[in-house]
Engineer: 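Take a look at the following structure, please.
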Protein chains: 2
Amino acid sequence: MRFTEQKMISILRHRGYRLTPQRRAVLRVIASSHDHLTPAAIYERARQKYPDIGLVTVYRALEVLGKLGLICEMHTGGDCRSYLMRRPSGHHHHLICSGCGEVIDFADCDLSSLEQRLTQKTGFKIEGHLLEFFGRCRNCQRVDSA
Amino acid sequence: MRFTEQKMISILRHRGYRLTPQRRAVLRVIASSHDHLTPAAIYERARQKYPDIGLVTVYRALEVLGKLGLICEMHTGGDCRSYLMRRPSGHHHHLICSGCGEVIDFADCDLSSLEQRLTQKTGFKIEGHLLEFFGRCRNCQRVDSA
DNA sequence: CAGTAACTGAAAACCATTTTCATTTATATT
DNA sequence: AATATAAATGAAAATGGTTTTCAGTTACTG
Ligand SMILES: [Mn+2]
Ligand SMILES: [Mn+2]
Ligand SMILES: [Zn+2]
Ligand SMILES: [Zn+2]
């Protein structure tokens, strides 16, 4: 389940943000892509709908969408350029292929018992977590062993 | 349990790397700090032992230490400037206070059943994971509610 | 229709990290 | 100890993603 473009627009406006053609273009790109996209990639695609859009504006749109909880970031372990991405509407995590970059979303993380233990031991009030798995997809495993 | 400076030196040399005073300085900083340090912070401290060291050299030393598995990186969820840090000698994770930045290491993550499930569902061969918790430490909770 | 705050784009600034390259140095070999 | 040499260093410049600045434009309210 994911937010539709319409749903995103209504959330945006409901929160007092203006609906500009630039934001519309960014929204459309995000809503219609099945991949996790970098800001630069979103920029490239948005330009097809709206050639005069600036990269700055894409960054600003992503910032707003982030605040609204409509996108989230992906953290690769490596050199960690934080990748912005489209987002299924709920909490989820990633399984990332270190070979080809393929990303699989998954949502069923159960860390609650671990969280409890940590809270007990440290007194921290835990508010969130970041969890990403790295590995090789089927294809890359095949190539590896060839 | 953590590596001693001596242990780190012996690993370094055993792998054919030269032992320079600069690397010695970086190693000493890392081995003697109880905190997670940024490259810049390591640079500042290393200069006290070895005033002529360059920041570039710190980066290069950290790269080598990374290859040798003597340090690892910390990923904050936020704007994700990857922080290099000192490392207890084994696999571990972080519990990070979003208020004051305090970091607590912990090692007992059991994600194997989740990993198995993912492997079965996706065919991925999972090689590693990134797990960080965010929350508020006792102090910051107190300040929050004041 | 205004009136106004929100929004935009170009350019410049930022800033952590990397690259380049000429010089120095740690180490192995005589 | 002197020598040879590949590895390591530091200054400076380059990179590249992201943010800031600022003057002009525009979406919305009334
Ligand atoms: Mn995702
Ligand atoms: Mn740690
Ligand atoms: Zn792959
Ligand atoms: Zn705190």
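Letters A, B, ... mirror the listed sequences (proteins, then strands); counts begin at 1. In this text the structure is predicted, and so the values were computed from the model without any measurement.
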Engineer: Please assess A/Arg117 against B/Asp108 for the test salt bridge (charged side-chain N to carboxylate O under 4.0 Å, His left out), listing each intermediate value before the final yes or no.
Structural biologist: CA-CA 10 Å; A/Arg117 196 159 4 116; B/Asp108 55 338; 2.4 Å; yes
Engineer: Mapping B/Leu55 and A/Leu55 onto DNA chain C by nearest heavy atom, which one lands closer to the 5' end?
Structural biologist: A/Leu55
Engineer: Does the ring center of A/His75 lie less than 6.0 Å from the ring center of A/His94?
Structural biologist: no
Engineer: Quick one: is D/dA7 close enough that its OP1 or OP2 comes under 4.0 Å of any side-chain N or O from B/Thr20?
Structural biologist: no
Engineer: I want to check one thing: is the phosphate of C/dA6, taken as OP1 and OP2, less than 4.0 Å away from some side-chain N or O of A/Arg23?
Structural biologist: no
Engineer: Please report the distance, rounded to the nearest Å, between CZ in A/Arg13 and C1' in D/dC28.
Structural biologist: 8 Å
Engineer: Taking atom P of C/dC15 as reference, at what distance in whole Å does atom CZ of A/Arg81 sit?
Structural biologist: 16 Å
Engineer: Side-chain N or O of B/Gln22 versus OP1/OP2 of D/dG10: is the shortest distance under 4.0 Å?
Structural biologist: yes
Engineer: Assign each of B/Val56 and B/Tyr17 to its nearest nucleotide of DNA chain C by heavy atoms, then name whichever residue's nucleotide is nearer the 5' end.
Structural biologist: B/Val56
Engineer: Separation of B/Tyr83 atom OH from C/dC15 atom P, in whole Å?
Structural biologist: 13 Å
Engineer: Rounded off to whole Å, could you give me the OH-to-P distance for the A/Tyr59 and C/dT8 pair?
Structural biologist: 16 Å
Engineer: Once you round to the nearest 0.5 Å, how far does CD1 of A/Ile9 lie from CZ of A/Phe3?
Structural biologist: 13.5 Å
Engineer: To the nearest angstrom, how far is A/Tyr50 atom OH from D/dA27 atom C1'?
Structural biologist: 12 Å
Engineer: Kindly say if A/Arg60 contacts the phosphate of D/dT20, meaning a side-chain N or O under 4.0 Å from OP1 or OP2.
Structural biologist: no
Engineer: Measure from CG on B/Asp52 to P on D/dT9 and round the result to the nearest Å.
Structural biologist: 13 Å
Engineer: Report which part of the nucleic acid B/Arg24 touches: base, sugar-phosphate, or nothing (heavy-atom distance under 4.0 Å, all strands).
Structural biologist: nothing
Engineer: Quick one: pull up CG in A/Asp105 and SG in A/Cys72 and give me the separation to the nearest 0.5 Å.
Structural biologist: 8.0 Å
Engineer: Can a donor-acceptor pair be found between the side chains of A/Ser33 and A/Asp35 at a distance below 3.5 Å?
Structural biologist: no
Engineer: How many whole angstroms separate atom CG of B/Leu12 from atom C1' of C/dA26?
Structural biologist: 12 Å
Engineer: Is A/Arg18 touching bases, backbone alone, or none of the nucleic acid, heavy atoms closer than 4.0 Å?
Structural biologist: base
Engineer: Please report the distance, rounded to the nearest Å, between CZ in B/Arg15 and P in D/dA8.
Structural biologist: 14 Å
